[in-house]
Each structure stands twice: as structure tokens, then as C-alpha cells.
Protein chains: 2
Amino acid sequence: MKVLTEERQNAILEQLKKSGIVKLQELVQLLDCSISTVRRDLQELEDQGKLVRIHGGAKAITTLQNEPGVLEKASKNVQGKQKIAKLAVDQIEADEVIYLDAGTSTQAMIPYMANLRSVLVVTNGVQLASQLADINIKTYLVGGELKNTTKAIVGADVVETIKNFRFNRAFMGVNGVHPKFGFTTPDPNEAAVKRAVLMQSEVGYFLADTSKLNEVSFAKVADLEAGILITDEQDSEVLQRFEQIGEIMEAEK
Amino acid sequence: MKVLTEERQNAILEQLKKSGIVKLQELVQLLDCSISTVRRDLQELEDQGKLVRIHGGAKAITTLQNEPGVLEKASKNVQGKQKIAKLAVDQIEADEVIYLDAGTSTQAMIPYMANLRSVLVVTNGVQLASQLADINIKTYLVGGELKNTTKAIVGADVVETIKNFRFNRAFMGVNGVHPKFGFTTPDPNEAAVKRAVLMQSEVGYFLADTSKLNEVSFAKVADLEAGILITDEQDSEVLQRFEQIGEIMEAEK
DNA sequence: TTCAATTCAATCAAAATCAATCATAAAACG
DNA sequence: CGTTTTATGATTGATTTTGATTGAATTGAA
């Protein structure tokens with residue numbers, strides 16, 4: 001009996017959806033193939049951000065926010081975001097001080113951060129801070145006025161506060177990335193905060209999926225060379241154009 | 001392997017949710033594994049802040065926030081809390097700067113605040129800040145380290161920040177109110193914050209339902225005469241005893 | 001207080017699982 | 001047809017998890 005790779009992986013996800021957790025041995029029996037193959041499938045699915053591997057099997061991803069519909073998934077490029085988020089978290093090392101922007105791109109990083117030991121995360125996102133505390137990560141929330149639409153803390157106070165800190169790494173989302181106009185966002189206040197953070201960071205990463213590349217938003221944060229771009233863009237032509245100016249990390253496959 | 005680590009730990013938490021306390025021997029039998037393994041699981045879960053280990057087993061975490069599951073005193077006091085909350089909100093006037101403590105008592109005030117015009121609310125409660133922003137109230141969130149159990153921001157930073165502010169009114173919850181020992185809470189850090197707030201406020205209100213009266217918790221916030229007590233106590237004898245020392249507002253019927 | 005009985009933390013060896021590699025066989029391609 | 005690519009299964013040594021054992025700490029009763 002021949003079973004295609006894709007069928008197997010779908011079956012795994014199906015099983016996960018039902019029980020929330022699957023054992024390696026169960027899958028071997030269910031799919032009637034070798035342990036190696038199941039391992040490879042789980043590895044691939046994890047890279048795609050569709051599950052989290054644990055010792056002896058895998059568990060479904062708990063996003064805390066309710067699952068988006070299929071259509072929504074496609075339009076919002078959830079898969080790409082997951083890959084980017086995973087790659088971003090991989091950069092973090094033990095004992096570091098990290099800054100996380102408010103926003104969905106950075107929020108996607110949180111599920112992958114559960115295993116990080118003794119890191120301190122500073123953020124201006126209320127939602128993020130709450131979730132980070134939930135997984136027991138030392139969290140520092142920047143003080144200031146709360147913007148009710150995005151649940152982010154912005155304003156002059158924030159910039160002043162940020163200046164008292166020093167980060168090993170900062171991760172930020174942006175709405176536009178362009179070879180000439182650099183990293184841009186719609187809100188000048190948020191841009192100012194991001195700029196301040198960048199100044200205080202050893203390394204600054206900007207998270208942007210395909211849809212953001214070659215786009216320009218209103219307020220400029222920084223030039224391309226000021227930070228490292230993390231993206232899921234596959235088109236090598238586009239990538240090359242950006243690589244000539246700034247550093248890029250590609251979340252592949 | 002028979003059962004995955006994650007499954008075991010979930011089962012433990014499940015059991016805890018039901019009975020509030022679990023014995024080590026019970027778990028060994030229930031999970032069908034060695035004592036060592038159960039110990040390790042409990043250790044891990046404690047590190048994650050999901051339970052508290054005690055000699056011979058573990059108990060559920062008593063979160064100041066939500067969860068009226070095991071310790072069922074919440075349902076009885078919901079009515080009282082509502083009355084107290086309503087009375088508290090009635091004290092607020094237009095154009096004032098208000099401080100709201102993190103906690104369930106103060107959280108109950110929010111629904112009644114929707115009609116307030118041009119007030120600024122300062123808080124150290126992440127949950128509260130989010131809800132306040134939702135009903136379009138100008139909200140300022142104090143910065144600092146986030147305590148994962150109560151979702152409140154506490155610590156030395158908070159006290160320093162508070163000193164830069166001046167409030168027209170401050171509303172705070174307490175766990176104990178006693179004629180002799182004054183207002184008390186379990187966490188010394190939180191007590192320090194409340195004390196600092198009280199110093200910066202024209203008027204300080206303490207919200208406490210019947211069950212808190214004549215109780216004493218660990219850390220003292222202030223003497224009775226330092227603030228106005230808002231309670232739903234009906235017993236006139238008890239009320240008189242407190243009235244001799246401090247000011248009281250009664251939320252009736 | 002002292003003592004006995006549990007329970008705990010730390011350690012170690014055995015078992016299970018993992019990541020990496022290699023060889024085979026099927027599929028794809030020119 | 002031969003070559004390359006790809007997916008699979010088996011094997012290896014490394015890592016993780018587990019259960020048992022030890023002495024130390026805690027508890028409850030005398």
C-alpha cells in the first residue's frame with residue numbers, strides 16, 4: 001500500500017485536531033510506516049508551524065486566540081507568520097534581554113518561547129505581556145498611555161522609558177519594507193518608539209511577510225541597513241534586491 | 001513509553017482543578033508511573049507557576065483573579081461586590097484623575113464607568129487597562145515587572161512612577177480590614193504600591209466585602225483612618241465598631 | 001524535646017527517544 | 001536507457017526521560 005507524504009501529514013494533523021496530542025508509536029501503527037518517516041513528517045509540520053513537537057510525539061499549537069477560518073488563514077498568511085516567528089525565536093539565546101513590539105507578528109513568537117530559560121522580555125504590548133507572563137517568562141511592561149485600538153502603549157513617555165534600557169535583541173513588526181524608503185509603519189508615534197528601541201539594541205530584527213515587501217507605509221522607522229529583515233519571501237529576484245542593501249534572514253519551505 | 005509527559009501533567013492539573021489538592025500517592029496510582037516521575041512533574045509544574053507543592057502532594061494556586069471553581073466564596077459575594085463597585089463609581093466626578101488597583105473588586109467597577117466623561121484612569125492592572133481602553137476611557141498603565149499570577153504590575157519601579165503622579169481619587173481592594181491592624185494584603189510588594197498611591201491621592205477608598213471585615217492578612221497597607229472603607233456589611237454592630245475609627249460608606253440593598 | 005515514619009532532593013543506571021547518516025528503491029528527468 | 005532526484009527504512013551514537021536508591025529534611029506523636 002502506497003501512501004503519499006501529504007496524505008500522511010494530513011492524517012497526523014487530523015489526529016491532532018481530535019485529541020490535541022499524538023504519540024509517535026500511535027502514528028507508526030496508524031500510518032503503517034517506519035519511525036523515521038513519522039519523525040520526518042513531524043519535523044516538517046513543525047517547521048511549517050502546524051504543531052509543536054514534544055518528547056515522544058507532538059501536540060497541537062495553542063494560539064490562545066481563537067482559530068482563524070480557512071479563508072482568513074490564506075488572506076492573512078498565517079503560515080508565513082508562523083515560520084517567521086519560529087526563525088525569530090531561534091535567534092534568542094539564554095540570559096538575554098529581549099524587546100518585543102506590540103503586534104501580531106511578534107505575538108506569533110510567544111508559543112515558541114516557552115522553553116527559553118532566564119530571558120527578560122520587555123514589551124509595550126498589553127496582550128503580549130499577559131501571554132508572556134502566562135508561560136512564565138519574566139516580563140517587563142513599559143508604562144504609558146494605552147492606545148485602545150491596538151492595545152499598545154505609545155507616546156513620549158515610552159520613548160523616554162526605553163532610553164533607560166539596553167536590549168540584546170529587539171523584534172519588531174513593520175507594515176512596509178522598501179529598498180529605498182526602508183522600514184515604515186502607519187503611526188508616527190509607533191515609529192518613534194521603534195526607532196528608540198532600535199537605538200538601544202545590539203541587534204534589531206524586523207518581521208515582515210511577503211505582503212509587506214516593496215510596500216511603503218506612512219512613517220519611516222529606519223533604513224534597511226539599520227536592522228535585519230526576517231521574511232518568508234521565496235522569490236529570489238526580490239530577495240536579491242533587498243540583500244544588496246540590508247541583511248536578510250529567510251524562513252524557508 | 002506509555003503516557004507522554006504532557007498528558008501526565010495535564011492530568012495532574014485536571015485533578016487539581018477538581019479537588020483543589022492532590023496527594024502524591026494518589027497520582028502515582030492514577031498515572032501509573034513511579035514516584036520519582038510524579039515528583040518531577042510536580043516540580044516542573046511548580047516552576048511554571050501552575051501549582052504549589054506541599055508536603056505529600058500539591059495544591060491549586062489561589063489566584064486573586066478569576067476561577068470561582070474550587071473555593072466557592074465568589075458566587076456569594078458577587079452581589080456585594082457589584083453594589084460596592086457601583087457605589088465607588090458614583091464618587092467619581094468629571095475631569096478627575098483616578099487610580100484603580102489591580103484586583104477583582106476594582107475590576108467590577110469598570111462596567112459602571114462607561115458614562116464617565118473626560119476622566120483619566122491610571123492603573124497597574126493589565127486586565128483592567130485593557131477593559132478600560134475598550135470602553136474608551138483614557139487609560140495610563142504603570143510600567144514595571146508583570147506578576148504572572150495576578151496580572152498586576154508590582155515592584156520598586158511602580159512605587160517610583162507613582163510618586164510622579166497626583167490623583168483626585170484612588171480605589172483599591174484589600175484582603176483584610178481590621179479595627180486594630182488596619183488594611184492588609186497578602187503581598188508586601190502590592191502593599192507598598194497601595195501605600196504609595198495613598199500618599200499621592202486626595203482621597204483613598206478601600207473596597208472590601210463582608211468576608212474581609214475583621215480579617216487580617218499579611219502586609220499592612222495603612223490604618224483605618226487613612227482611607228474611606230466601602231463595604232456591603234449590613235450588621236450595624238460591626239459597622240459601628242469600624243465607624244468609630246475610620247470613615248465608612250455602606251452599599252445597601 | 002526525642003524518635004520513628006514519611007517525604008524530599010540528588011544521583012545514577014537503564015530504557016526510550018532523538019538527530020544524523022547511509023543505503024536502497026522508486027520516481028522523475030533528459 | 002542511464003542518470004539524477006526523492007522518499008523511505010535501518011542503523012548509529014547522543015540526548016532525554018524514567019525508576020530506583022541514597023542520605024537529608026520534614027512531620028507527627030510520645
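As the structure is a computational prediction, the values presented were derived from the model and not from experiment.
At the phosphate of C:dT7, OP1 or OP2 sits under 4.0 Å from a side-chain N or O atom of B:Gln25.
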Item to complete: For salt bridge (charged side-chain N to carboxylate O under 4.0 Å, His left out), just list the numbers for B:Asp232 and B:Lys81, CA-CA rounded to whole Å, side-chain angles, deciding distance to a tenth of an Å, and then say yes or no.
Response: CA-CA 8 Å; B:Asp232 64 331; B:Lys81 270 199 174 137; over 6 Å; no

Worksheet item: Hey, mind stepping through A:Tyr140 and A:Phe165 against ring-ring contact (aromatic ring centres under 6.0 Å, His included) and telling me if it holds?
Response: CA-CA 11 Å; A:Tyr140 191 101; A:Phe165 298 142; 5.3 Å; yes

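Taking only side-chain atoms of A:Ser36, from C-beta outward, the nucleotide of C:dT7, D:dT8, D:dT11 with the closest atom is D:dT11. Comparing D:dG19, C:dT17, C:dT7 by their nearest atom to the side chain of B:Thr37 picks out D:dG19. Checking C:dC18, C:dT7, D:dT18 against the side-chain heavy atoms of B:Arg8 singles out D:dT18 as nearest. When the nucleotides C:dA19, C:dA9, D:dT18 are ranked by their closest atom to the side chain of B:Arg39, C:dA9 comes out on top. Candidate nucleotides D:dT16, D:dT26, D:dG19 were compared by shortest atom distance to the side chain of B:His55, and D:dT26 ranks first.
Across the protein-nucleic acid pair, A:Gln43 atom CD and C:dC18 atom C1' stand 10 Å apart, rounded to whole Å. If you measure from atom CD of B:Gln9 to atom P of D:dT18, you get 9 Å, rounded to the nearest angstrom. Note: NZ (A:Lys23) to P (C:dC18) measures 13 Å, nearest angstrom. For the pair B:Glu6 CD and D:dT16 P, the interatomic distance rounds to 17 Å; values are reported in whole Å. The separation between A:Leu24 atom CG and D:dT16 atom P is 17 Å, rounded to whole Å. Atom CD of A:Glu7 is separated from atom C1' of D:dA7 by 14 Å (rounded to the nearest Å). Nucleotide D:dT16 holds its P atom 16 Å from the CG atom of B:Leu4, rounded to whole Å.
Between A:Phe206 and A:Ile230, every side-chain heavy-atom pair lies at or beyond the 4.5 Å cut-off.
Residue side chain B:Arg40 reaches the base of D:dG19 through a donor-acceptor N/O pair under 3.5 Å, judged by distance alone.
Donor-acceptor pairing under 3.5 Å is recorded for the side chains of A:Gln48 and A:Lys50.
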